[in-house]
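Below, chain A is the first sequence line, B the second, and so on; all start at residue 1. A quick note: this is a predicted structure, and the numbers were derived from the prediction, not measured.
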Amino acid sequence: MSGGHSSYEPTSGLGKWVDSRLPLPRMVYDSFIAYPVPRNLNYAYTFGAMLAVMLVVQILTGVVLAMHYVASIDLAFGSVEGIMRDVNHGWLLRYLHANGASFFFIAVYLHIARGLYYGSYKAPREILWILGVIIYLLMMATGFMGYVLPWGQMSFWGATVITGFFSAFPLVGEWIQQFLLGGFAVGQPTLNRFFSLHYLLPFVIAGVVILHVWALHVTGQTNPTGVEVKSKTDTVAFTPYATVKDALGVVIFLLAYSWFVFYMPNYLGHPDNYTMANALKTPAHIVPEWYYLPFYAMLRAITFNVGPIDSKLGGVLVMFGSIIVLFFLPWLDTSKVRSAVYRPWYKLFFWLFVADCILLGWLGSRQPTDTYTLMAQFGTLYYFGFFLVIMPVLGLIETPRRLPNSITEAVLEKSAKA
Amino acid sequence: MKKLVASIAIAASLAGFAGVASAAEEHDLKALTEHAIEGGHFPILKPKNEDWSFAGPFGKYDKAQLQRGLKVYKEVCSACHSMKLVAFRSLEELGYNDAQVKAFAAQYDVQDGPNGDGEMYTRKGVPSDHFPSPFANEEAAAAANGGAAPPDFSLLAKARGVERGFPTFIFDIFTQYQEGGPDYIHSLLTGYTNAPEGIQVAEGTHFNPYFAGASALKMPPPLSDGQVTFDDGAPATVDQYARDVAAFMMWAAEPHLEERKRTGFMVMVFLVIFAGLVYLTKKSIYANKEH
């Protein structure tokens, strides 16, 4: 996968025999042992490893949960409680899986933020970035459908609200909504197909992850300086240098994850989901899971009609647009300098963007009032302004700081100062 | 803006007046109730934080308390509230032995069948049975209770919880606050009071400032002092009943809580040691490499 020259030398007879038939060990060796990575990678570069771990955790716990789960509108809620009460360590599996989804998203948001900060999406890594956005979209779909499966009140009403978005589209909207639901309302066909897709999509994610890693190993990693690798002294071998750093990052991450799984497993969930779905009883306040909240806030921020587009369609377009804009990021950023470290103004706008996303997330969890709606409108404006105005314009007018000539120079300068 | 000032004033008065003379409280409750009804956000009062034996990283259920809670459920609550997900066999976790559980189950009549003749029949309960419900179905429960079925008890302690608000919800991560359900149940059961003067309460409902859905609820105050006699000499007060039944409901909703926290401690110890070892490994690997 790494391209270039392979340094793998099988020593045993069996190793040579396999290598000349299916050089899988060679691929692993070249990709995860000898693979050269920039020597200055910091802990912001360890989220990829955490994500890989979380994908495996979710698939393993999910496969076992599926052995006990029943995708029936009458039995689903009870089967989940059966897992919690009567399946050996079922409570552990379910809490690992439910909180695992949240921690998967925590890791992916940090991973995306790292990419934004260090300009990881810039040429020649556009495809790498786009594959990442596709993985994120698949995660959102998987997470949403997974939340429907326990068939609690929030499962049902969340599914009703979110599939309802599609009805906003003119002409085809209602058809799409009914196609997704398998009927006119959320019901048995919906639950069945969501279960099927919830089981399928993680493997699609795994497939795209392989492409993502492949693309990464073709271009090589970026690094905090944003200066490309120029010589051998700029790099270290993946193992042990990056491996051990990743391992430490992963263990710390697992500590935080365990804190939630074992001590506050229901903190990130919603109490209403411990009440079985009831089509006749709407909860007082329908909220999506925390990782969708910024998008939900942007959806609700559009309270006005724009020409022929009514506020409902406008909100849906803004919500989808907020993800679609990410695909164009490599071409929206006009800066010649990659890393925010050398871009004082971009750095400021980046942190404002992070704050904006947190603010939108908080607003998404509130019942809308006039003040909150106005705040969400400003938040939405900045979200799109960051990508569509600041990114292209700033690259043209900002004076970056002096770049180091090489990674090695940057590293030696830093250690001379210390 | 006016609204904002009003809410700040109310928040300030909440903080300032807590624990002052009852006349002031009475006046306060009226203002808070009016404010809540106007804005449509309930409960009027946030649940009070109680001490629970099962809170925190080393939390354990107090078996005597769970047994008392079971007694309250059996003698009072179970007249209206089902508890479908809990099996008699799991009562062993409350400290009862095999024989006691068998005897307990046998007090209930359970419908079974059909038998060889195709008839349904009633038999004595056995440990593998779940608690029978007081009504034949949801509709019967609703019809007998003014239109809404009393909620099932099995998960209620996890299905209720009042939003904690900013910044408390952040502190909760570090204090491991997970007792919103029992706090809510205790506050609700002890919170019935006369509606403040001038506040209209719909017929057939009872004012309770802790109720999450409105200013009043259909359930009449279910507990009164002296209603249940405890064998262990615990006080026969509404507060004690409410506390014990809330703890019991937490157990019913989360029977593996102790095991979870115990396992969690071992996992945390392991991960901390492991993190230390990986850190030292990392340090030694990078010892001669500037990065």
Checklist outcome for this item: Bottom line for A:V261: the part with an atom under 4.5 Å from chain B's heavy atoms is backbone

Checklist outcome for this item: For residues 268-280 of chain B against chain A, heavy atoms under 4.5 Å, the residues are B:M268, B:L271, B:V272, B:F274, B:A275, B:V278, B:Y279

Checklist outcome for this item: Under 4.5 Å to a heavy atom of chain A? For B:D152 that would be neither

Item to check | Under 4.5 Å from a heavy atom of chain A, the part of B:F169 involved | outcome: both

Checklist entry - Any ring-ring contact (aromatic ring centres under 6.0 Å, His included) pairs touching residues 133-164 of chain B, not counting sequence neighbours? => result B:Y73-B:F153, B:H81-B:F153

Next on the checklist: If you compare all heavy atoms of A:Y267 against all heavy atoms of B:I170, which two are closest, and at what distance to 0.1 Å?
Outcome noted: OH-N, 4.2 Å

Item to check | Interface residues of residues 256-263 of chain B facing chain A - non-hydrogen atoms under 4.5 Å apart | outcome: B:H256, B:E259, B:R260, B:K261, B:T263

Next on the checklist: If you define the side chain from C-beta out and look only at heavy atoms, does anything of A:K245 sit under 4.5 Å from B:Y286?
Outcome noted: yes

Next on the checklist: Does B:E138, at its CD atom, have more than 12 non-hydrogen atoms belonging to other residues, nucleotides or ligands within less than 6.0 Å?
Outcome noted: no

Checklist entry - Can you say whether A:P265 sits under 4.5 Å from chain B via the side chain, the backbone, both, or neither, judging by heavy atoms? => result both

Item to check | Proximity breakdown for B:S154 and chain A, heavy-atom pairs closer than 4.5 Å | outcome: both

Next on the checklist: The test is salt bridge (Lys or Arg N to Asp or Glu O under 4.0 Å); show your working for A:D246 and B:K282 and say whether it passes.
Outcome noted: CA-CA 10 Å; A:D246 280 347; B:K282 188 235 146 198; over 6 Å; no

Item to check | Engaged part of A:A256 at the chain B interface, taking heavy atoms whose separation is under 4.5 Å | outcome: neither

Checklist outcome for this item: Nearest heavy-atom approach of B:G264 to A:Y263 is C-OH, 3.4 Å

Checklist entry - Given that the side chain runs from C-beta out, which part of B:F174 has a heavy atom under 4.5 Å from chain A: side chain, backbone, both or neither? => result backbone

Next on the checklist: How long is the straight-line distance from NE2 of B:H41 back to NE2 of A:H285, given to the nearest 0.5 Å?
Outcome noted: 12.5 Å

Next on the checklist: With heavy-atom distances below 4.5 Å as the criterion, would you say the side chains of A:M84 and B:K158 are in contact?
Outcome noted: yes

Checklist outcome for this item: If one checks every heavy atom of B:A157 against chain A at 4.5 Å, the contacting part turns out to be neither

Checklist outcome for this item: Within residues 49-57 of chain B, the residues sitting under 4.5 Å from chain A by heavy atom, in sequence order, are B:P57

Next on the checklist: Could you check whether any side-chain N or O of B:Q176 sits under 3.5 Å from a backbone N or O of A:M264, counting only pairs where one atom can act as donor and the other as acceptor?
Outcome noted: no

Checklist entry - What distance do B:I285 atom CD1 and A:T243 atom OG1 have between them, rounded to the nearest 0.5 Å? => result 8.0 Å

Next on the checklist: Give me the atom names and distance for the closest heavy-atom approach of B:I173 to A:W259.
Outcome noted: O-NE1, 2.9 Å

Checklist entry - Given a strict heavy-atom distance threshold of 4.5 Å, which part of A:A247 is in contact with chain B: side chain, backbone, both, or neither? => result both

Checklist entry - Is B:E254 salt-bridged to A:R85, cutoff N-O under 4.0 Å? => result no

Item to check | Proximal component of B:R89, with respect to chain A [non-hydrogen, under 4.5 Å] | outcome: side chain

